[in-house]
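Here the structure comes first, spelled out in structure tokens, and everything after it is commentary.
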Amino acid sequence: MTRLLLSTTIPYVNGRPHLGFALELVQADVLARHHRLRGDEVRLQTGTDDNSLKNVQAADAAGVAVGDLVDRNAAEFARLAGPLSLRFDDFLRTSADPRHRAGVERFWRACAHDLYRKHYEGLYCVGCEHFYQPGERCPEHEAPLQRVSEENWFFRLSRHQERLYDLIAGGRIRIEPAERRNEVLAFVAGGLTDFSVSRSRARARGWGIPVPGDPDQVIYVWWDALGYYLTALEYGTGGHDRWWGRADRRVHLLGKSVLRFHAVYWPAMLLSAREALPTDILVHDHLTVNGRKISKSGGPAVDPLGLVAEYGVDAVRWWLLRDVPRVGDADFTVERLIARHDDELANGLGNLVSRVAGLVHRYRDGVVPAVRASEPDSDRVSEPDSDRASELEEVRRRAPGAVAEALDAFDFRRATGAVYEVVEAANRYVSRTRPWQLAREDSARLDPVLGTLVETCREVAGLLTPFLPDAAARIAARCAGPGERLPAPAPVFPRLGGAA
RNA sequence: GGGGCGGUAGCUCAGCCGGUUAGAGCAGGGGACUCAUAAUCCCUGGGUCGCGGGUUCGAGUCCCGCCCGCCCUACCA
């Protein structure tokens, strides 16, 4: 049995969650469910980055206390779970969870041999929490740059350069897709310089975790946030070994914009602390909405909960999994959401379930026949429909492996495609076997056909479970076993678009 | 300024180490069927594979330059 730790990044909570973060959560949830179904031991953790200075700014802007703003917004993120049908094993808030601070402090000490103090000054953008060169201005934020002159703690990233390169190049740390791996390798090969890992307490506005033994300094938010991967595992009390050191795979999901922190800084920190490294870094690109960038600080923010309320969780999850390419930003529009849902879920899968139920009710009084004919008849095998039967069989046989393979490659499109192929094959099987005709002309042959179809629907429900747990359960509930009675047909996925 | 990733049929995208007439889905067009959510099934696509060079017997598929979009970064002495 494989032990698998899955994690999402933790967003800073200066605003409400948007669809882009929902993407990451859904992907993580799918992987977790998939592996659980495989029998793996899985832990999925997520949470919020409360200690970002951006939260302080947002609180200032809103005229409320930081703690209050963070509490309120973090709750919004936690609230995504129910409506999006996500199942987390843990949700850690970096400001509120006692495990976190203890863990971060311990981790800091574990890296002490790579930490040193250095004075420097520069122009700092609070919005980016980032330094710029003289004469530059921040491309993203209006606020003027602040001249900062102070002494901070630095982490000896440079020391780990070669080791990191080898680990990534050699695949010990797998970065998917490969395009992102190349990016990281190029960056590492270009040379790594030490980076600052603390801020003056004043500049951090007193928000964050103080540097152990140096109360005038606050730990840099990225150091703090990355630490969550360990602190949620009880690193602070040394209890992390079960899910970290002894896990077979440690998998991080993240967006491309924070790749460097996860593929370079974080592994280096772990090397320094002598902890195991992540095995998989799975990187998704960004979402745009109606062709425009989304962000928490501005622009069109699509509220995932609003979408779920309007179109249902299955439609939203299906779009995120089915329409978002592995590489390249994807543009979300309501039209695309509806198109995907109506075409594949309503007309494809939903209609299949309905028509199968309809057939069973009309010709067999709702009782599911056995797959095999009751009396074995050897000479009816090589009929025109046998090729269709074998096509369906073939597709069904291959589907589970295809799904697993696609998910291992972090390709949700291909994975959902493999599920949907079964639906298509089943619909072809219906047209080819023509059950309505069999009912009139060769009733004995109708039973195995209907039995096969019901069985296929149940199988699709199983395959669909990690992706659309709600829909899968609904479909499974309509697929009785042989000899059992089928519920009356009713649409599983009512169409969202115009009534057509 | 540097690095990376994209730019393939109207739309969304696939196209391992270069090799017969460049693919899929959707949309569009034609046909069939009637079990089903007016659904499904079958047939139908001639697109300078961003632009310009180059390597090669042969290049979306490799090299160089340029254009557009996106991500990261900009000697923290």
Side-chain angles (χ1 to χ4, degrees), chain A residues 118-124 128 130-134 136 139 148-150 152 154 157 177-196 255-261 263-264 283-288 291 293 319 322-333 335-336 339-364 388 411 413-414 417 420-421 423-440 446 449-450 453 489-500:
Chain A
K118 186 166 74 173
H119 178 272
Y120 77 102
E121 55 180 80
L123 295 171
Y124 189 77
C128 305
H130 183 83
F131 284 92
Y132 287 90
Q133 292 305 297
E136 279 189 317
V148 169
S149 170
E150 63 187 40
N152 292 134
F154 277 72
L157 181 65
E179 288 84 348
R180 299 295 162 224
R181 186 190 76 127
N182 296 340
E183 201 172 318
V184 174
L185 284 175
F187 175 73
V188 174
L192 299 179
T193 52
D194 299 348
F195 67 103
S196 107
K256 63 179 175 183
S257 60
V258 294
L259 173 58
R260 179 157 312 163
F261 295 100
V264 180
V283 188
H284 62 261
D285 280 5
H286 293 173
L287 254 35
T288 57
K293 192 169 166 176
W319 185 83
R322 192 89 180 95
D323 238 25
V324 175
R326 240 163 42 97
V327 177
D329 293 348
D331 188 43
F332 173 86
T333 67
E335 290 69 31
R336 287 179 186 168
R340 270 296 180 191
H341 174 275
D342 284 355
D343 182 52
E344 297 184 337
L345 260 24
N347 296 345
L349 173 54
N351 182 58
L352 173 68
V353 174
S354 291
R355 73 194 301 203
V356 168
L359 288 165
V360 171
H361 272 276
R362 182 187 286 236
Y363 299 119
R364 287 297 181 264
R388 284 294 133 182
D411 191 337
R413 261 194 160 178
R414 212 170 79 218
Y420 194 65
E421 272 181 40
V423 174
E424 292 183 303
N427 270 322
R428 281 194 293 271
Y429 177 75
V430 176
S431 356
R432 194 52 73 96
T433 53
R434 306 172 59 78
W436 50 92
Q437 195 178 330
L438 291 179
R440 291 193 304 266
L446 181 59
V449 167
L450 294 183
L453 283 168
V492 186
F493 304 100
R495 294 169 63 91
L496 297 173

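To find a chain, count down the sequence lines: A is the first, B the second, and so on, and within it residues start at 1. Atom set for the values below is all heavy atoms of this structure, side chains included, hydrogens, waters and symmetry mates excluded. Note that this is a predicted model, so its numbers are computed, not measured.
Taking atom CD of residue Glu183(A) and atom C1' of nucleotide C70(B), one finds them 11 Å apart after rounding to whole Å. Distance, Arg322(A) CZ to C11(B) P: 20 Å, rounded to whole Å. If you take CZ of Arg181(A) and P of G4(B), they are 14 Å apart, rounded to a whole angstrom. Spacing between atom CG of Leu157(A) and atom C1' of C76(B) amounts to 13 Å, rounded to whole angstrom units. As rounded to whole Å, 15 Å separates atom P of C5(B) from atom CZ of Phe187(A). Atom CZ in Arg260(A) sits roughly 12 Å away from atom P in G4(B) (whole-Å rounding). Taking atom CZ on Phe493(A) and atom C1' on U40(B), their separation rounds to 17 Å, with Å as the unit. Taking atom CG of residue Asn347(A) and atom C1' of nucleotide G25(B), one finds them 14 Å apart after rounding to whole Å.
Comparing the P positions of G58(B) and A24(B) gives a spacing of 29 Å, expressed to the nearest Å. Taking atom P on both nucleotides, U44(B) is separated from C26(B) by 14 Å, rounded to a whole Å. As rounded to the nearest Å, U48(B) and C41(B) have C1' atoms that lie 36 Å from one another. Rounded to a whole angstrom, the distance from the P atom of A14(B) to that of U8(B) is 10 Å. Look at the P atom in both G53(B) and G30(B): the space between them is 42 Å, to the nearest Å. Comparing the P positions of C13(B) and U55(B) gives an interatomic distance of 35 Å, to the nearest angstrom. C16(B) and C33(B): their C1' atoms are spaced 41 Å apart (whole Å). Annotation: G15(B) and C5(B) have their P atoms spaced 15 Å apart (nearest Å).
Side-chain atoms of Leu450(A) and Arg364(A), non-hydrogen and from C-beta on, do get closer than 4.5 Å to each other. Counting only heavy atoms from C-beta outward, the side chains of Arg355(A) and Leu453(A) never approach each other to under 4.5 Å. Using a 4.5 Å cut-off on side-chain heavy atoms (C-beta onward), Phe187(A) and Leu192(A) make contact. In this structure, Val283(A) and Arg181(A) have side chains that are not in contact, with every pair of non-hydrogen atoms separated by 4.5 Å or more.
At G4(B), none of the side-chain N or O atoms of Lys256(A) fall inside 4.0 Å of OP1 or OP2 (strictly under the cut-off). Taking only side-chain nitrogens and oxygens, Arg495(A) never comes nearer than 4.0 Å to OP1 or OP2 of U37(B). At least one side-chain nitrogen or oxygen of Thr193(A) sits closer than 4.0 Å to the OP1 or OP2 atom of C76(B).
Checking U34(B), C76(B), C5(B) against the side-chain heavy atoms of Trp436(A) singles out U34(B) as nearest. Residue Asp343(A) has its side chain nearest to C26(B) when only G6(B), U37(B), C26(B) are considered. Comparing atom distances between the Arg434(A) side chain and each of C33(B), C41(B), U37(B) picks out C33(B) as nearest. Checking U37(B), C41(B), C13(B) against every side-chain atom of Pro491(A), the shortest atom distance belongs to U37(B). Of the listed nucleotides (U37(B), U40(B), G3(B)), U40(B) has the atom at the smallest distance from the side chain of Ser431(A). Of all nucleotides listed (C35(B), U73(B), C76(B)), C35(B) comes nearest to the side chain of Leu359(A). Across C71(B), C42(B), U40(B), the shortest atom-to-atom separation from the side chain of Lys293(A) is found for C71(B). Comparing atom distances between the Pro325(A) side chain and each of C41(B), C5(B), A14(B) picks out A14(B) as nearest.
Between Gly358(A) and Arg340(A), the one whose closest nucleotide on RNA chain B sits nearer the 5' end is Arg340(A). Nearest-nucleotide assignment on RNA chain B puts the 5′-proximal partner with Val430(A), out of His286(A) and Val430(A).
Closest non-hydrogen pair, Tyr420(A) versus Glu344(A), comes out as CE1-O, 3.3 Å.
Backbone-only engagement by Tyr363(A) is indicated by non-hydrogen atom pairs under 4.0 Å involving sugar-phosphate atoms exclusively. As judged by a 4.0 angstrom heavy-atom cut-off over every strand, Gly350(A) is placed among the base-contacting residues. No engagement by Thr288(A) is indicated, since no non-hydrogen atom pair under 4.0 Å with the nucleic acid exists. Using a 4.0 Å heavy-atom distance criterion, Ala339(A) is classed as making no nucleic acid contact. Within the nucleic acid shown, Arg336(A) comes within 4.0 Å of sugar-phosphate atoms alone, with no base atom in reach, counting heavy atoms only. In this structure, Val353(A) reaches neither bases nor backbone, as no heavy-atom distance under 4.0 Å exists between it and the strands shown. Ser257(A) comes within 4.0 angstrom of sugar-phosphate atoms only, judged by non-hydrogen atoms across all strands, and of no base.
Both distances falling under 3.5 Å, in either a Watson-Crick or a G-U wobble arrangement, place G1(B) opposite U73(B). Pair check for G23(B) finds C13(B); Watson-Crick or G-U wobble, both atom distances under 3.5 Å. Base pairing analysis places C49(B) opposite nothing; no Watson-Crick or G-U wobble pair with both distances below 3.5 Å involves it. For G6(B), the paired base is C68(B) (Watson-Crick or G-U wobble, both distances below 3.5 Å). Pairing for A38(B) is absent, judged as Watson-Crick or G-U wobble with the two contacts each under 3.5 Å.
In this structure, OG on Ser196(A) lies 12.0 Å from CG on Leu157(A), to the nearest 0.5 angstrom. Taking CZ from Arg413(A) and CZ from Arg322(A), the interatomic distance works out to 7.5 Å, rounded to the nearest 0.5 Å. Once rounded to the nearest 0.5 Å, the distance linking NE2 of His284(A) with CG of Asp329(A) reads 10.0 Å.
In G28(B) the O4'-C1'-N dihedral to the base is more than 90° from 0, which defines an anti nucleotide.
When each of Asp343(A), Asp323(A), Asp331(A) is tested with Arg336(A) by the rule salt bridge (charged side-chain N to carboxylate O under 4.0 Å, His left out), just one qualifies, namely Asp331(A).
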